[in-house]
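Convention: sequence-line order gives letters A, B, ...; per-chain numbering from 1. Heavy atoms only: backbone and side chains are in, while hydrogens, waters and symmetry mates are out. Remember, predicted model here, so these are calculated numbers, not experimental data.
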2 protein chains.
Amino acid sequence: MNATSKPERNRLSAEDWELAALQLIAEQGVGALAVEALARRLGVTKGSFYWHFRTREALLQATLERWEQYGEREIISQIELIADPRERLPELFRRVAHELQPHRVYAALLKALDHPLVVPVMARVSSRRTEFLETAYRQAGLAPADALNRARLTYAAYVGFLQLNFTLGLPRLSHDEFDAYVEHMIATLIPA
Amino acid sequence: MNATSKPERNRLSAEDWELAALQLIAEQGVGALAVEALARRLGVTKGSFYWHFRTREALLQATLERWEQYGEREIISQIELIADPRERLPELFRRVAHELQPHRVYAALLKALDHPLVVPVMARVSSRRTEFLETAYRQAGLAPADALNRARLTYAAYVGFLQLNFTLGLPRLSHDEFDAYVEHMIATLIPA
DNA sequence: CGCAGTCCATACTCAGTCGTATGGTAAGTC
DNA sequence: GACTTACCATACGACTGAGTATGGACTGCG
């Protein structure tokens, strides 16, 4: 983290390509992940790329794996430290609502679900998160069957919100409106 | 509707191309909408296509417009006939849950939100539906501010469900599980 | 019958992108 | 100081898919 941040005249590593690929995906989607375009972004040519990766798909695969591993567990592990189980879900909602960059990547990957490589990754990540929600709902007092469906509903609402207000830029919520929406979600989805 | 249904040796019209394009989008997404592939599907060559449309984008545009106009208003108009306003939302949920083909198209379009042509169409359709939900929630007794947020939450849950269980094929719900999920949605989102 | 308009086939051009082949340069290593 | 290794540039081949040019076939109409 000391000298490889800036795109100066440094040599590149495979990790640099993966990070740049993830950023490009967040900005323009998986479809825009072209080898030469990414090389131009990094100030080099294709020759560099094909030294680090065997193919374009290999880069995408490595990038997705990196995202799947490093993308989660910051929030989830913090939430589990909260003592009162009934306080975890509201706190989770509010913390997630204040993120930004992780949602960008996730939203970009949602738009790339026609690509066979991203489907299993998104399936694993989404089901893990849903399972986390399910246990949280159970700890909050919901019956097992209700907890499962409530977790599905909650995560579906999250995904749909990303598509509608993030990708689609639909209602263009103001900051206050967004906060009110989050509080409405909490009041509606979380058992009192 | 008498002789233009079957793909026999008939001549084609622009409408035939648009309908075939919509079906192909529903099956394989917008990215798979290629001129020659669609021509093979219809049993002709590109020469036919470029007589009816100036470009590939023109076909996509026309197809999206057709979908936007003819895609809705079947269910919505039927729902408005229900006398008791408090019965409309549960009935809407259950009817929508029993559809299939419209969801296919909508889900395919959700995956194509990186294409600039589909964004405004999806924005219009989605906001119209959300507004319909908002008035329904108001008629069901919710306060205006709550009705708006509840409508957003409901439609986001719908969109997210499509992505997760349709496109992603996530939990692979059985028929009974799906019905239970719908009833859980009704119990959670609709005021008693 | 002949002609014009409609619809389609064939054969191209052109641009974008993946992947390869090969040579070049800077930094270490003995 | 020669030699290896890591990284990159350049040039090329091949494929894919959009769009064009042009001619042929069928149909209705005078």
(request) Indicate yes or no: at least one non-hydrogen side-chain atom of B/L59 is less than 4.5 angstrom from one of B/L33. (result) yes
Within this structure, what is the [atom1]-to-[atom2] distance between [X] and [N], rounded to whole angstrom?
{"X": "B/R56", "N": "D/dT16", "atom1": "CZ", "atom2": "P", "result": "17 Å"}
{"X": "B/W17", "N": "C/dC7", "atom1": "CH2", "atom2": "C1'", "result": "11 Å"}
{"X": "B/D16", "N": "C/dT6", "atom1": "CG", "atom2": "P", "result": "17 Å"}
{"X": "A/Y50", "N": "D/dT10", "atom1": "OH", "atom2": "C1'", "result": "15 Å"}
{"X": "B/R54", "N": "D/dA21", "atom1": "CZ", "atom2": "C1'", "result": "16 Å"}
{"X": "B/L42", "N": "C/dC8", "atom1": "CG", "atom2": "P", "result": "9 Å"}
{"X": "B/L60", "N": "D/dA18", "atom1": "CG", "atom2": "C1'", "result": "14 Å"}
{"X": "B/R40", "N": "D/dA18", "atom1": "CZ", "atom2": "C1'", "result": "13 Å"}

[X], nearest nucleotide to its side chain (from [options]):
{"X": "B/K46", "options": "D/dT20, C/dA9, D/dA9", "value": "D/dT20"}
{"X": "B/R11", "options": "C/dA11, D/dT27, C/dC18", "value": "D/dT27"}
{"X": "B/W51", "options": "C/dT17, C/dC7, D/dA18", "value": "C/dC7"}
{"X": "A/L12", "options": "C/dT20, D/dG19, D/dC8", "value": "D/dC8"}
{"X": "A/S48", "options": "C/dG19, D/dT20, D/dC8", "value": "D/dC8"}
{"X": "A/H52", "options": "D/dC8, C/dC8, D/dA18", "value": "D/dC8"}
{"X": "B/V44", "options": "C/dA9, C/dC18, C/dC7", "value": "C/dA9"}

(message) Measuring to OP1 and OP2 of D/dG19, would you say a side-chain N or O of B/T55 lies under 4.0 angstrom away?
(response) yes
(request) Measure from NZ or CZ of A/R104 to the centre of the six-membered ring of A/Y106, then state whether that distance is under 6.0 Å and the direction lies within 45° of the axis. (result) no
Does a donor on one side chain sit under 3.5 Å from an acceptor on the other, for [X] and [Y]?
{"X": "A/E18", "Y": "A/H52", "value": "no"}
{"X": "B/R129", "Y": "B/Y155", "value": "yes"}
{"X": "B/Y50", "Y": "B/T55", "value": "no"}

